[in-house]
Amino acid sequence: MQNLNIYNSLTNKKEIFNPLKDGYVGMYVCGPTVYSNVHLGNVRTFMSFDMIYRYFLHLGYKVRYVRNITDAGHLTDDNSEDKISTKARLEQLEPMEIVQKYTVDFHQILKKFNLLPPSIEPTATGHILEQIQAIETILKNGLAYEVNGSVYFDVLKYNETENYGILSKRKIEDAIENTRVLDGQSDKKNAQDFALWKKADPEHIQRWDSPWGIGFPGWHLECTVMSTKYLGEEFDIHGGGMDLKFPHHECEIAQAQACNHVAPVKYWMHCNMLTMNGKKMSKSTGNNILPEEIFSGENKNISKSYSASVARFFMMQAHYRSILDFSDEALLASEKGFNRLMEAINLLDSLKASATSTFDVKVWKQKCYDAMNDDFNTPILIANLFEAVKIINLMHDNKSTLTSEDLEEFKKVVFAFTFDVLALENTTVDNDNSDKLKGVVEILIGLRNQARENKDWALSDKIRDELIELGIQLKDGKEGTGFIIN
RNA sequence: GGCGUCAUGGCCGAGUGGCUAGGCUGGGCUCUGCAAAAGCUCCUACAGCGGUUCGAAUCCGCUUGACGCCUCCA
């Protein structure tokens, strides 16, 4: 197996991937908080890790991929109620109805973008007991304290022997200086302490019994507990959006260290933000676009609808660690490029082998792997796929050749990267009516060819132009006329 | 205010010292009855200023600008 380099946010360097156990990968990715519809920015992160998951599978690893559903615990701005409870009150539903509604939406959307389901998808509410046990352990280890029915993690105490800020590269002294002023009615000893367990006010709907009274778990604990339970005290990869790096992931490290006395994660991976109009997409600010709006075209930021595959291709054309700005213009360009790629792939099966090869398939194949092995560089991979497009078109025009052995290898690699790794779906292939539709188009092509032989250009052009209006484009080539249906 | 990231040609977007990224757009050519498609080809680059170096988009410093985190966020 070839060396795979991964950019580790913990060290800010690319490192050769060495799994804890040969041939196996344990990967945890922070999932959504299910109190509203996922927007395209959320989708980007999950799509990036789907690509990463798929590439590991392609390389032959056995992967346990855990992605949670956060269905409890995230507080709103006023710190009095969590987001799911707030939404439940607003929509007059049970919190679990809210959770169910948006979990179903989440799954449907990801399926449309062709994401594989994770191996395990645990929920926070399904792991309250484990969270209480973890809190007890942290209390026992002297790194948390109870105040008035709530339990807080003692960041300063932890920082005496460990490094709070190891991931986000913050110095706790700076944080203290900068937060000294805002001193509230908080029970916390220090502003940077975070809640492990919060006492529930009487009106709080989501509530569980605990050794410290009725309450609910803190918002960083679930990931620590669930990753430990399903992947062990140490595991290979932890991923999530860049915006979770601090405080969420920093707190996860602290909690895991406080419980198990080991660094939980070998490689931290962070996907960058999808922006729109230069600003981060976000649920709370409303600067976002929903997948359904992409599919329907009903959003003021786009001029037309786009397929999920085009959106996926658009995102795969940027590196996962780069900020990507969403725009109609960029989507239009991606759609054209995507169609060109798919049209070439549609020609692959009709290509004929020759006695010699004019193109080095082995070198090209290695370039594809080199791109992916360099921290999952999908834009470079796609550039290489466009080199393949050129070869396919040249072969189609009999201007380039491959031996049957090379051709088989070439097809295998093109298919593997396009469909298995990038997980693009060939929307240019037709649906159930295709055979009949194709037959009709073939008849029209025949009529047009007769007209052309008779130099009846008026008729031949009429057939061509009326077909194009229906979205059927004829392509005249040396070997006859082909067509694509858009 | 603190910490951090980024600034590439008309647009999107790769590239951690010397060698064509790629896609989209625009011009020219080949093919074609004419187009389209396809192929070939061309144009406009590395925010600004200074430094290191034989050589920098790539390293260092400063300036300007943008964004992210510091509160829930993928």
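We name chains A, B, ... by the order of the sequence lines, and we start the count at 1 in each one. Source: prediction; values computed, not measured.
Within 4.0 Å of Gly31(A), counting heavy atoms only, lie sugar-phosphate atoms of the nucleic acid but no base atom. Among the heavy atoms of the strands lying under 4.0 Å from Gly41(A) is at least one base atom, whether or not backbone atoms are also near. Among the atoms of the strands shown, none is found under 4.0 Å from any heavy atom of Asp465(A). Using a 4.0 Å heavy-atom criterion, one finds that Gly278(A) contacts the sugar-phosphate atoms exclusively. Counting non-hydrogen atoms under 4.0 angstrom, Leu274(A) reaches a base of the nucleic acid. Residue His396(A) is out of contact with every strand shown, counting any heavy-atom pair closer than 4.0 Å.
As rounded to whole Å, 19 Å separates atom P of A21(B) from atom CG of Asp370(A). Across the protein-nucleic acid pair, Leu474(A) atom CG and A38(B) atom C1' stand 15 Å apart, rounded to whole Å. Residue Gln206(A) contributes atom CD, which lies 15 Å from atom C1' of C72(B) at whole-angstrom precision. Distance NZ (Lys475(A)) to C1' (A38(B)): 8 Å, rounded to an integer number of Å. Rounded to an integer number of Å, the gap from CG of Asn288(A) to C1' of C72(B) is 15 Å. In this structure, Glu250(A) atom CD and U71(B) atom C1' are separated by 16 Å, rounded to whole Å. If you measure from atom NZ of Lys171(A) to atom C1' of C3(B), you get 9 Å, rounded to the nearest angstrom. Summarising the geometry, the separation between CE on Met273(A) and P on C67(B) is reported as 15 Å, rounded to the nearest angstrom.
Of the P atoms belonging to G61(B) and G26(B), the separation is 43 Å, rounded to the nearest Å. Separation of the P atoms belonging to A21(B) and C72(B) is 45 Å when rounded to the nearest angstrom. Here, G15(B) and U25(B) have their C1' atoms 22 Å apart, quoted to the whole Å. Atom name P, nucleotides C59(B) and U41(B): the rounded distance is 32 Å, in whole Å. Nucleotides A47(B) and C6(B) are separated by 12 Å at their C1' atoms, to the nearest Å. When the P atom is used for both C12(B) and G50(B), the distance is 28 Å, rounded to whole Å. On the P atoms, U44(B) is 15 Å away from C11(B), given to the nearest whole Å. Taking the C1' atom of each, U58(B) and G23(B) are spaced 23 Å apart, rounded to whole Å.
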Restricting to nitrogen or oxygen on both sides, can you table the protein-nucleotides 22-26 of chain B pairs closer than 3.5 Å?
{"residue": "G23(B)", "atom": "OP1", "partner": "Arg340(A)", "partner atom": "NH2", "Å": "3.3"}
{"residue": "C24(B)", "atom": "OP1", "partner": "Arg340(A)", "partner atom": "NE", "Å": "3.1"}
{"residue": "U25(B)", "atom": "OP1", "partner": "Lys336(A)", "partner atom": "NZ", "Å": "3.0"}

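By the salt bridge (charged side-chain N to carboxylate O under 4.0 Å, His left out) test, Lys87(A) is found to be paired with Glu91(A), residues two or more places apart in sequence or in another chain being considered. Applying the salt bridge (charged side-chain N to carboxylate O under 4.0 Å, His left out) criterion to Lys399(A), with sequence neighbours excluded, gives no partner residue. Residues satisfying the side-chain hydrogen bond (donor to acceptor under 3.5 Å, both in side chains) criterion with Lys283(A), sequence neighbours excluded, are absent altogether. Scored by the side-chain hydrogen bond (donor to acceptor under 3.5 Å, both in side chains) test, Glu292(A) finds Lys112(A) as partners (sequence neighbours excluded).
Regarding contacts with the backbone of A38(B), every side-chain N or O of Asn393(A) stays at 4.0 angstrom or more from both OP1 and OP2. Dashed line: the shortest gap from a side-chain N or O of Thr33(A) to OP1 or OP2 of A74(B) is under 4.0 Å. Neither OP1 nor OP2 of U30(B) sits under 4.0 Å from any side-chain N or O of Lys399(A). Look at Lys245(A) and you won't find any side-chain N or O under 4.0 angstrom from OP1 or OP2 of G68(B). Residue Asn377(A) places at least one side-chain N or O under 4.0 Å from the OP1 or OP2 atom of G15(B). The shortest distance between the side-chain N/O atoms of Lys279(A) and the OP1/OP2 oxygens of C67(B) is below 4.0 Å.
With distances taken from any side-chain atom of Trp219(A) to the nucleotides G33(B), C72(B), A36(B), the minimum falls on C72(B). If you check C34(B), C40(B), A74(B) against the side chain of Lys390(A), the one that comes closest is C40(B). Listed nucleotides: C34(B), G39(B), A74(B). Nearest to the side chain of Asn42(A): A74(B). Here the side chain of Lys280(A) is nearest to one of C34(B), A21(B), G68(B), namely G68(B). Comparing A21(B), A74(B), U32(B) by their closest approach to the side chain of Arg452(A) singles out U32(B).
Using modelled atom types, one side-chain atom of Thr358(A) and one backbone atom of Thr401(A) make a donor-acceptor pair closer than 3.5 Å. The closest donor-acceptor contact from the side chain of Thr378(A) to the backbone of Leu381(A) lies at 3.5 Å or more, if one exists at all. Judged by distance alone, the side chain of Asn159(A) and the main-chain N or O of Val155(A) form no donor-acceptor pair under 3.5 Å. With hydrogens and angles disregarded, a donor-acceptor distance shorter than 3.5 Å links the side chain of Asp50(A) to the backbone of Leu116(A).
Both Lys14(A) and His220(A) lie near RNA chain B, and the one whose nearest nucleotide falls closer to the 5' end is Lys14(A). Nearest-nucleotide mapping onto RNA chain B: of Ser460(A) and Cys271(A), the residue sitting toward the 5' end is Ser460(A).
Put simply, the side chain of Tyr65(A) does not reach to within 4.5 Å of the side chain of Pro117(A), judged on heavy atoms. At a threshold of 4.5 Å between non-hydrogen side-chain atoms, the residues Met47(A) and Leu110(A) do not count as touching.
Glu425(A) and Arg312(A) are not joined by a salt bridge, as no carboxylate oxygen comes within less than 4.0 angstrom of a charged side-chain nitrogen.
Counting atom types as modelled, Arg170(A) pairs a side-chain N or O with a base atom of C69(B) as donor and acceptor under 3.5 Å. Judged by atom type and distance alone, Arg321(A) does not reach the base of C6(B) through any side-chain donor-acceptor pair under 3.5 Å. On a pure distance criterion of 3.5 Å, no polar donor-acceptor pair joins the side chain of Asp374(A) and the base of G15(B). Below the 3.5 angstrom threshold, one finds no donor paired with an acceptor across the side chain of Arg464(A) and the base of A36(B).
Heavy-atom neighbours of Lys462(A) NZ from other residues, nucleotides or ligands within 6.0 Å: at or below the threshold of 12.
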Treat a base pair as Watson-Crick or G-U wobble with both distances under 3.5 Å, then lay out RNA chain B in dot-bracket form, 5' to 3', with | for cross-strand pairs.
(((((((..(((.....[...))).(((((.......)))))....(((((..]....))))))))))))....

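Annotation: the span from Ile52(A) atom CD1 to Phe376(A) atom CZ amounts to 5.0 Å, rounded to 0.5 Å.
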